[in-house]
Structures are given as structure tokens and as C-alpha cells.
Amino acid sequence: MKLNYKRTILVGFAFFLISMFWTAYEAVIPLILTNKFGMSQFWSGVVMAADNVLAVFLLPIFGALSDKCRSKSGRRTPFIFIGTILASTLLIALSFADKAQLGQLSDISTVDDPAALEIIYDAQKDATLKTPEGEEFVLSELYSKEEFSSLKSSVIDAATGEKATNPVFTEHVIPAREACVADRTASNPAALICFIALLLGVLLSMAIFRSPAVALMPDVTVKPLRSKGNAIINLMGTIGGMLALVMGILFGISKVTNAMMDYTSYFAVLAGGMLIALGIFILTVREPQWAEKMRKDSLQYGIEETEDSPTRKRSLSAAEKRSLILILASIALWYFGYNAVTSKYSVYATKVLQLKDFSMTMLLAQASATIAYIPAGLVASKFGRKKTIMAGVVMLTTAFTVAAFLRAGSPDWLMNTLFVLAGVAWATINVNSFPMVVELCSGGDVGKYTGFYYTASMAAQTITPLVSGYLMDIKMTTLFPYAAIFVGLAFVTMAMVKHGDSKAAAKVGLEALDVD
């Protein structure tokens with residue numbers, strides 16, 4: 001029994017476009033909300049949690065609906081097609097709302113413009129503001145208007161002779177500008193209302209097909225090969241995420257000087273990439289035929305007991321239910337930690353680490369995950385999914401714990417190394433957790449159990465931006481300790497899981513001789 005890699009890669013184009021979107025979303029939207037609408041980290045977290053609130057309710061629904069779909073093109077393909085078209089169209093519209101807000105801020109949006117800094121100073125000189133470290137300050141007590149308007153976003157590092165982010169700019173200018181932006185938004189909220197409405201439309205469109213897209217891999221892959229199959233799917237997703245990060249580097253979205261940039265071109269390229277991936281998927285994937293082949297293979301190897309596997313359902317034993325609950329709890333816990341970092345790192349990197357460009361760090365994490373996906377599936381085939389996941393949890397906890405001690409001036413290579421470790425750890429966890437969930441279900445419930453998986457992950461991702469954002473408003477450096485604690489707790493719950501590892505299939509015919 002061998003995994004059909006070509007077929008799995010083609011199925012993975014659906015996850016490729018999903019990951020491309022979410023990587024860009026998590027990097028850009030927090031910056032837009034704080035830089036252009038002046039939101040606090042807490043309220044930014046509220047908006048970032050909106051997709052997860054929708055997902056908690058909608059992903060199980062759309063997963064179950066796709067289980068019942070009997071379209072000629074398959075159970076999952078119609079959802080993938082409709083959702084992608086809607087999401088990419090609304091994404092372009094979202095960029096226009098962002099541009100409208102930028103027009104409202106034209107006189108204060110140019111970085112290193114003395115005239116813009118004078119306007120900000122006049123508006124905020126007597127307000128009590130907070131540095132990223134949570135310390136309060138009043139502009140007029142620290143600077144005259146002339147001094148403030150002369151501040152620059154970068155300075156020459158005396159040791160290296162290279163440009164570096166000016167810490168004074170990060171600590172005083174950015175909070176003052178964000179406060180000024182918040183006042184402008186409060187006085188004229190039309191662009192914000194439009195932006196949020198369109199954002200909800202995009203998120204709803206993505207929810208339509210996320211569960212069906214992920215459920216398609218188990219539909220066309222026999223159970224013992226699903227960790228390997230999920231490795232390929234996640235590899236495709238990581239490539240999509242890396243492409244989004246490369247686009248981010250090319251467009252300079254993470255540069256301090258581009259904090260008020262126009263994202264229209266970036267969103268247009270992103271939407272175009274999603275549509276190209278959809279085109280490849282639609283032209284190459286033959287869902288009904290491939291699903292039928294999986295069912296016949298399952299019967300041949302004694303994995304399914306009846307030929308009616310697409311609709312067959314079964315009840316879990318008490319022990320299996322307990323394991324399912326513990327697996328879902330573990331998923332929620334490590335997403336509490338991991339998503340807090342991915343959704344807030346763009347802010348943390350600019351305000352605490354004072355990095356000139358954080359995209360490279362995220363790109364290295366994606367690259368390391370890409371390399372690790374297939375080995376993680378192979379390791380799980382030999383040592384079991386549970387043990388492999390627990391090893392990944394230990395690595396991720398270690399990476400976040402060490403990262404908690406890094407500050408501005410810490411070597412870039414050290415944070416990069418920790419994110420490489422985090423990427424390997426996340427690949428190890430992610431490849432094997434979803435197959436553990438669907439291992440417990442029958443063919444007629446794959447979409448439903450995919451919904452369970454996403455309910456656990458999205459519930460965590462709903463809450464964690466709010467909690468981490470609230471803590472970061474108090475003190476920005478709480479991000480990594482918070483993440484390390486929750487990921488560490490997942491080790492405890494995962495240790496109690498007894499079911500979900502793959503079962504060996506009977507060898508039949510030439511397979512018994514290990515002949516392809």
C-alpha cells in the first residue's frame with residue numbers, strides 16, 4: 001500500500017490557497033487595524049477573533065453539509081469553488097476600504113515627515129499615552145514641537161554603521177500617531193464600518209470551504225496513509241504560506257516606513273494567486289473517481305467493513321470518546337499558544353524587538369515546517385502519532401520559552417533559530433493531529449469530524465487573540481510566556497490519549513512482498 005503523491009499534491013492545492021490567504025491575513029490585518037484605525041491590541045484581537053467565532057459555528061455545519069452533498073463533481077469540490085471565488089472577490093473590495101481610510105489620514109500618514117509629526121504633536125501633546133512596554137508618558141513633558149518633528153524612524157547604529165530602527169520612534173512616535181488615528185476614526189467611522197463588513201464577508205466565504213477542503217484528503221486516502229497524506233497537504237499549505245510571506249517581503253509590508261502603505265496591489269496579487277490555485281485544482285482533481293478508488297482499496301486491505309463506507313456511521317466506545325475529547329482539548333491548548341504568536345508577532349516584532357523587517361523570521365519558520373512535514377509523517381508511521389506529537393509539543397514549548405527572554409538588540413539569528421525550531425515542531429504536531437481525529441470516524445462522518453477538529457482549533461483562536469491582546473496592552477512582553485504555558489499544558493492532555501494512532505492494514509497480493 002503506497003500513497004499516491006501526485007494525487008495528494010493536486011488535492012493539496014485547495015489547502016495551498018487557504019494557507020496563502022491566512023498567512024497574509026494574520027500578517028497584514030493586525031497592522032491595518034492598529035496603524036490605520038488606531039485600535040488597541042485588545043480591540044484588534046476582538047476583530048482578529050471574528051473569523052474564529054464564525055468558524056466555531058460554521059465549519060462543523062459546512063463540513064456536515066459537504067458529507068451530504070451528492071454533486072457530480074463530488075462532495076467537497078463545489079464548496080471549494082464557490083468559497084474561493086467569493087473570498088478573492090471580497091478581498092479586492094477590502095483593499096478599497098483600506099484605501100479610503102488612508103485618504104482620511106493623508107496628512108499624517110507619511111513617515112519621517114516633519115509636517116505630519118507636527119500635526120500629531122498638536123493633537124496628542126497633552127494626552128497620556130503608553131509605550132509598548134506599558135509605561136505612560138505625555139509628549140509635551142518629553143519634547144517640544146520642534147524636537148518631536150525632527151524624530152526619525154531609523155538611526156545609524158554606531159557599532160555597525162547600518163540603519164536600525166530608532167527606539168524613540170517606536171516608544172513615542174508610533175503610540176502618538178496611533179492615538180491620533182484613533183481620534184480620526186472615532187470622528188468619522190464610515191471606512192472602519194465598511195472595512196469590518198467586508199472583512200466579515202471574506203471570513204464567511206473562507207468558512208464555506210475550509211472543512212470540505214481539509215476533509216477531501218481523508219476522502220481519497222486510506223486510513224493508515226493519512227499521516228503521510230496530511231504531511232503532503234500541510235506541505236502544500238506551507239508553500240502557499242511561504243509564497244504569501246515572499247510577497248510580503250517584496251511589497252515591504254513589515255517595514256516601519258510602510259506602516260501606512262496602500263495594500264491594494266498586495267491584495268490583488270494575493271487574490272490572483274488564490275484563483276490560479278483554484279484553477280489548477282478544478283482542472284486536475286477528480287474527486288468522485290478518487291474517492292471510489294479509496295473505498296475499494298479500503299475493502300481490499302480490510303480497513304472498511306462494508307462497501308457503503310461513504311455513508312456508513314458508527315458510534316464511539318466510551319474509551320474512544322474520552323480520547324477524542326482529550327485530542328480536541330490538546331488541539332485547543334496548542335492553538336491557544338501558537339495562534340497568539342502568529343496573530344501578534346508582527347506587532348511584537350516592531351514594538352518590542354524593534355526589527356526592521358520581521359517577514360524573514362516568519363519565512364524561516366515556514367521553510368523549516370516545509371522541510372519537516374514529510375519526515376514528521378514518516379516518523380509517526382514508525383513510532384506512532386501520539387509520541388510524535390508529544391515530541392513536537394516539547395520542541396514548541398522550548399522555542400517559545402527561550403523567545404520570551406529576547407528583547408531589542410538580541411541577535412537576529414537567535415530568534416530566527418527559535419522560529420525554525422517552532423516551524424519543525426508545528427509541522428510535527430499538525431501533520432498528525434488531524435489524522436488522529438478522523439481515525440476515529442467512519443467514511444460517512446469525515447466532514448463532521450473535520451468540523452470537530454476545527455471547532456477545537458477555532459474556539460482557541462477565538463479567545464486567544466483577546467486574552468493575549470489584553471495582556472499585551474498591559475505589558476507587550478507577555479506574549480511568549482503566555483504561548484509557552486498553553487502549549488506546555490497540551491503535553492499533559494495528550495499524554496492521556498489512548499486512541500487515534502493508525503491501525504496496520506492487512507497486506508494483500510504484491511503488497512505483501514512490498515512491491516510497488
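Small disclaimer: the values here were computed from a predicted structure and weren't measured.
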Under 4.5 Å between any side-chain heavy atoms of [X] and [Y], yes or no?
| X | Y | answer |
| --- | --- | --- |
| Ile174 | Lys351 | yes |
| Val173 | Val168 | no |
| Phe281 | Leu17 | no |
| Val341 | Phe419 | yes |
| Val214 | Pro212 | no |
| Leu200 | Leu204 | no |
| Leu328 | Ile325 | no |
| Phe16 | Leu243 | yes |

Distance-only donor-acceptor check, side chains [X] and [Y], under 3.5 Å:
| X | Y | answer |
| --- | --- | --- |
| Arg76 | Ser66 | yes |
| Asn339 | Glu26 | yes |
| Tyr482 | Thr464 | yes |
| Thr34 | Ser44 | no |
| Thr77 | Glu287 | yes |
| Ser154 | Asn166 | no |

Can any side-chain N or O of [X] pair as donor or acceptor with the backbone N or O of [Y] at less than 3.5 Å?
| X | Y | value |
| --- | --- | --- |
| Thr84 | Phe81 | no |
| Lys386 | Val497 | yes |
| Thr23 | Met20 | no |
| Glu135 | Thr131 | no |
| Thr221 | Leu225 | no |
| Thr238 | Thr370 | no |

Could you pull out the closest heavy-atom pair between [X] and [Y], with the gap in Å?
| X | Y | result |
| --- | --- | --- |
| Ile331 | Ser433 | CG1-CB, 4.3 Å |
| Val437 | Tyr449 | CG1-O, 3.5 Å |
| Val487 | Trp334 | CG2-O, 4.1 Å |
| Ala97 | Leu198 | CB-CD1, 4.1 Å |
| Gly384 | Thr388 | O-OG1, 2.7 Å |
| Met261 | Gly252 | SD-O, 4.2 Å |

Worksheet item: Should the ring pair Tyr25 and Trp22 be called parallel, tilted or perpendicular, given that the plane angle runs from 0 to 90° and is split at 30 and 60?
Response: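 Geometry flag for Trp22 against Tyr25: perpendicular rings.
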
Item to complete: Specify whether Phe400 and Phe480 have parallel, tilted or perpendicular ring planes, treating 30° as the upper limit for parallel and 60° as the lower limit for perpendicular.
Response: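 Phe400 vs Phe480 ring planes: tilted.
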
Can you measure from [atom1] ([X]) to [atom2] ([Y]) and round to the nearest 0.5 angstrom?
| X | Y | atom1 | atom2 | answer |
| --- | --- | --- | --- | --- |
| Leu396 | Ile389 | CG | CD1 | 12.5 Å |
| Ser368 | Tyr373 | OG | OH | 9.0 Å |
| Thr361 | Leu353 | OG1 | CG | 8.0 Å |
| Met217 | Asn234 | CE | CG | 8.5 Å |
| Asn230 | Lys228 | CG | NZ | 13.5 Å |
| Glu178 | Asn35 | CD | CG | 5.5 Å |

Worksheet item: Is any NZ, NE, NH1 or NH2 atom of the basic residue among Asp112 and Lys152 found under 4.0 Å from an Asp or Glu carboxylate oxygen of the other?
Response: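 A salt bridge is absent here (no side-chain N lies under 4.0 Å from a carboxylate O).
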
Item to complete: Run the salt-bridge test on Glu439 and Arg385 with the 4.0 Å N-O cut-off and return the result as yes or no.
Response: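 Salt bridge flag = yes for Arg385 with Glu439.
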
Item to complete: Verify side-chain contact (heavy atoms from CB on, under 4.5 Å) between Leu58 and Ile208, making sure each step is shown before the conclusion.
Response: CA-CA 8 Å; Leu58 295 179; Ile208 289 173; over 6 Å; no

Worksheet entry | ring-ring contact (aromatic ring centres under 6.0 Å, His included): pairs with one or both residues in residues 206-261, sequence neighbours excluded |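 Only Phe251-Tyr266 qualify under ring-ring contact (aromatic ring centres under 6.0 Å, His included).
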
Discussion item. For a side-chain contact (heavy atoms from CB on, under 4.5 Å) check, start with the C-alpha distance between Leu406 and Leu418, then their side-chain angles and the critical distance, and finish with the verdict.
Written reply: CA-CA 11 Å; Leu406 303 188; Leu418 293 174; 3.9 Å; yes

Item to complete: Under the salt bridge (Lys or Arg N to Asp or Glu O under 4.0 Å) rule, collect the residues that match up with Lys36, sequence neighbours excluded.
Response: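 Scan of Lys36 (salt bridge (Lys or Arg N to Asp or Glu O under 4.0 Å), adjacent residues dropped) gives Asp98.
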
Worksheet entry | Leu33/Phe195 under side-chain contact (heavy atoms from CB on, under 4.5 Å): CA gap, chis, key distance, verdict | CA-CA 10 Å; Leu33 295 175; Phe195 185 87; 4.0 Å; yes

Discussion item. Could you walk me through whether Thr493 and Leu489 satisfy the side-chain contact (heavy atoms from CB on, under 4.5 Å) test, starting with their C-alpha distance in whole Å, then the side-chain angles of each, then the deciding distance to 0.1 Å, before giving a yes or no?
Written reply: CA-CA 7 Å; Thr493 53; Leu489 289 173; over 6 Å; no

Worksheet item: Knowing that exactly one of Tyr345, Trp426, Phe486 qualifies, which makes a ring pair (Phe, Tyr, Trp, His ring centres under 6.0 Å) with Tyr338?
Response: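 Between Tyr338 and the candidates, ring pair (Phe, Tyr, Trp, His ring centres under 6.0 Å) is satisfied uniquely by Trp426.
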
